[in-house]
2 protein chains.
Amino acid sequence: MTLAEKAYDALRHDIIRGELAPGRPLRLSDLSERYDMGFSPLREALNRLQAERLVTAESLRGFRVAPLSLDELHDAVNVRIKVECDALRASIELGDDNWAAGIVSALYALNLQVGRTGPDADIWALEARHYAFHRALLAACNSPWTLEFFERLYAATERYRIPTLLAATHPAGRDVQAEHSALAEATLARDADKAMALLEGHYRKTENYLTSVFGMDKPNGLAAAG
Amino acid sequence: MTLAEKAYDALRHDIIRGELAPGRPLRLSDLSERYDMGFSPLREALNRLQAERLVTAESLRGFRVAPLSLDELHDAVNVRIKVECDALRASIELGDDNWAAGIVSALYALNLQVGRTGPDADIWALEARHYAFHRALLAACNSPWTLEFFERLYAATERYRIPTLLAATHPAGRDVQAEHSALAEATLARDADKAMALLEGHYRKTENYLTSVFGMDKPNGLAAAG
DNA sequence: GCAATAATTATTTTCGAAAATCTTTGGAAT
DNA sequence: ATTCCAAAGATTTTCGAAAATAATTATTGC
């Protein structure tokens, strides 16, 4: 793996997890020290991330972590619902036993991790399995473009969820595990309309929760979140 | 404008227009001579284009122009129809007079260019206005993510159209101008269902035409197209 | 004191060479 | 003839310094 690839992975990781706060300037000299490499691989990584909208760039003025805003969260969630519902319908139509088995397996692994508390709790392992579950639902859609957009939107919305995950502020009266199970059940039963409705509801609930958290905490948007 | 930005524009331009053929290796020394700059700005541009799927990269083996395939064309057209139909419906719902005026203006400019033949014909000006027209239809959708995906898919499908545009092989019995007019009319009349149907039909016709052209010419896919 | 301007510093951007890696070529052994 | 290995060449990747630009500080003139 080249240094540029390592830089891309590390920067993406740190931006999505909020270790590099939204809006923060990404100075080459700082990054060079932080990641222990020269300017070239860092600039290459930053250019890739710019194309993915995780960093912004201004000519001759360097790079910044892309800012967050409630408007963007709302947009990302809405587009995500459209993209993922289409993909889910296609997957349900096209998916074979292997696809179904992948969903069962991903849900099982996710639930195992949800059940772990105390010293076994690992928020990042949980996040990885949450991603893997949602990815597994769409895996059979047979559309590389759709899957790419899913990845992009997942990363974009993930940035809003991380601060609340870290704060362990869980939404009251919500059983996310039950939502996942119902979603998997409807999908495996090939009930596309029901599965799509559950998927949309799942995301709307998360959006509402995040909106309320950020809307209360930061009256002036999310510029300093993370 | 920095050299890296110029490199990005020039490479994107040349890839989309097929001047750099699909699959062609993009060697730094060649590009350095072609665009008259050092490796650094070129590598930055290539990394951005990689994120946009216009070039492929393999670790320590450099970059290539992303290949074309009928499968990818089909996928891109399908996703494009979904994305643009959603955006069109939203635009029709949200668009104001300014949006409507933009459509009228873009259609007028497009038709002017369509009418130009002989020495006044300019395929690239035509292409720019075709893009501007379709972009104008969606301009009021109020969704940056949707518009970004539109741009990505437009670029992706554009690469398939260019060779046929250059060859001036026009589909028999198709009045594209009338399709655009009908689409604009339904949109301005706020008839979302009709406009979406026309938009889908517009793209399906193009897809069918391109599929037939490439399918006949190149039995083994599109590896050498452009 | 304050605005405008010059000098300084900080930062980005670019280059050219060095290092690392891959590919090709040529030769030796089987 | 074929396979294996080493040497040579080509190419990518990375670094460190130079150039260009932006931001900051100091200075001048009023």
#### Entry: Non-neighbouring partners of Ala10(B) that pass side chain to side chain contact (heavy atoms under 4.5 Å, CB included), sequence neighbours left out
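For Ala10(B) the side chain to side chain contact (heavy atoms under 4.5 Å, CB included) partners, ignoring immediate neighbours, are Tyr35(B).
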
### Task
Using the test side chain to side chain contact (heavy atoms under 4.5 Å, CB included), find all partners of Glu200(A) that sit at least two apart in sequence or belong to another chain.
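With neighbours one apart ignored, the set is Ile81(A), Arg204(A).
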
### Query
By salt bridge (Lys or Arg N to Asp or Glu O under 4.0 Å), which residues pair with Asp14(B), not counting sequence neighbours?
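Partners of Asp14(B) by the salt bridge (Lys or Arg N to Asp or Glu O under 4.0 Å) criterion, ordered by chain and then number, come out as Arg34(B).
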
### Query
Taking only residues two or more places apart in sequence or in another chain, which ones pass salt bridge (Lys or Arg N to Asp or Glu O under 4.0 Å) with Glu72(B)?
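Salt bridge (Lys or Arg N to Asp or Glu O under 4.0 Å) check on Glu72(B) returns nothing, list empty.
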
### Query
Do Thr211(A) and Glu207(A) have side chains that get closer than 4.5 Å, going by heavy atoms?
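Sidechains of Glu207(A) and Thr211(A): in contact.
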
### Query
Which residues satisfy the side-chain hydrogen bond (donor to acceptor under 3.5 Å, both in side chains) test with Tyr108(A), sequence neighbours excluded?
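By the side-chain hydrogen bond (donor to acceptor under 3.5 Å, both in side chains) rule, Tyr108(A) matches no residue at all.
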
#### Entry: Which residue lies more 5' along DNA chain D, comparing Arg61(A) with Met1(A) via nearest heavy atoms
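Taking each residue's closest nucleotide, the earlier one in sequence belongs to Met1(A).
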
### Query
To the nearest angstrom, how far is Leu60(B) atom CG from dT14(D) atom C1'?
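Spelled out: CG on Leu60(B) to C1' on dT14(D) is 11 Å.
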
### Query
What is the distance from CD of Glu58(A) to P of dT13(C), rounded to the nearest Å?
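The answer, rounded to whole Å, is 10 Å.
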
### Task
Quick one: which residue pairs count as a side chain to side chain donor-acceptor pair (under 3.5 Å) with a foot in residues 46-66 of chain B, not counting sequence neighbours?
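Sorted pair list: Glu5(A)-Ser59(B), Glu44(A)-Asn47(B), Glu148(A)-Arg53(B), Tyr8(B)-Glu52(B).
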
### Message
Let's see if you can work this out: which of dT13(D), dC15(C), dT13(C) has an atom nearest to the side-chain heavy atoms of Leu3(B)?
### Response
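Shortest atom-to-atom distance from the side chain points to dC15(C).
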
N/O donor-acceptor pairs under 3.5 Å from side chains in residues 84-95 of chain A, not counting sequence neighbours:
{"unit_1": "Glu84(A)", "atom_1": "OE1", "unit_2": "Tyr203(A)", "atom_2": "OH", "d": "2.7"}
{"unit_1": "Glu84(A)", "atom_1": "OE2", "unit_2": "Arg80(A)", "atom_2": "NE", "d": "2.7"}
{"unit_1": "Glu84(A)", "atom_1": "OE2", "unit_2": "Arg80(A)", "atom_2": "NH2", "d": "3.4"}
{"unit_1": "Glu84(A)", "atom_1": "OE2", "unit_2": "Tyr203(A)", "atom_2": "OH", "d": "3.1"}
{"unit_1": "Ser91(A)", "atom_1": "OG", "unit_2": "Leu137(A)", "atom_2": "O", "d": "3.2"}
{"unit_1": "Ser91(A)", "atom_1": "OG", "unit_2": "Leu138(A)", "atom_2": "O", "d": "3.0"}
{"unit_1": "Ser91(A)", "atom_1": "OG", "unit_2": "Ala140(A)", "atom_2": "N", "d": "3.0"}
{"unit_1": "Ser91(A)", "atom_1": "OG", "unit_2": "Cys141(A)", "atom_2": "N", "d": "3.0"}

### Message
Below 4.0 angstrom, which residues in residues 37-57 of chain A have at least one non-hydrogen atom near DNA chain C?
### Response
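DNA chain C contact set from residues 37-57 of chain A: Phe39(A), Arg43(A).
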
### Task
For DNA chain C, find the residues of residues 26-36 of chain A with a heavy-atom distance under 4.0 Å and give them by number; none if there aren't any.
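Contacting residues: Leu26(A), Arg27(A), Leu28(A).
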
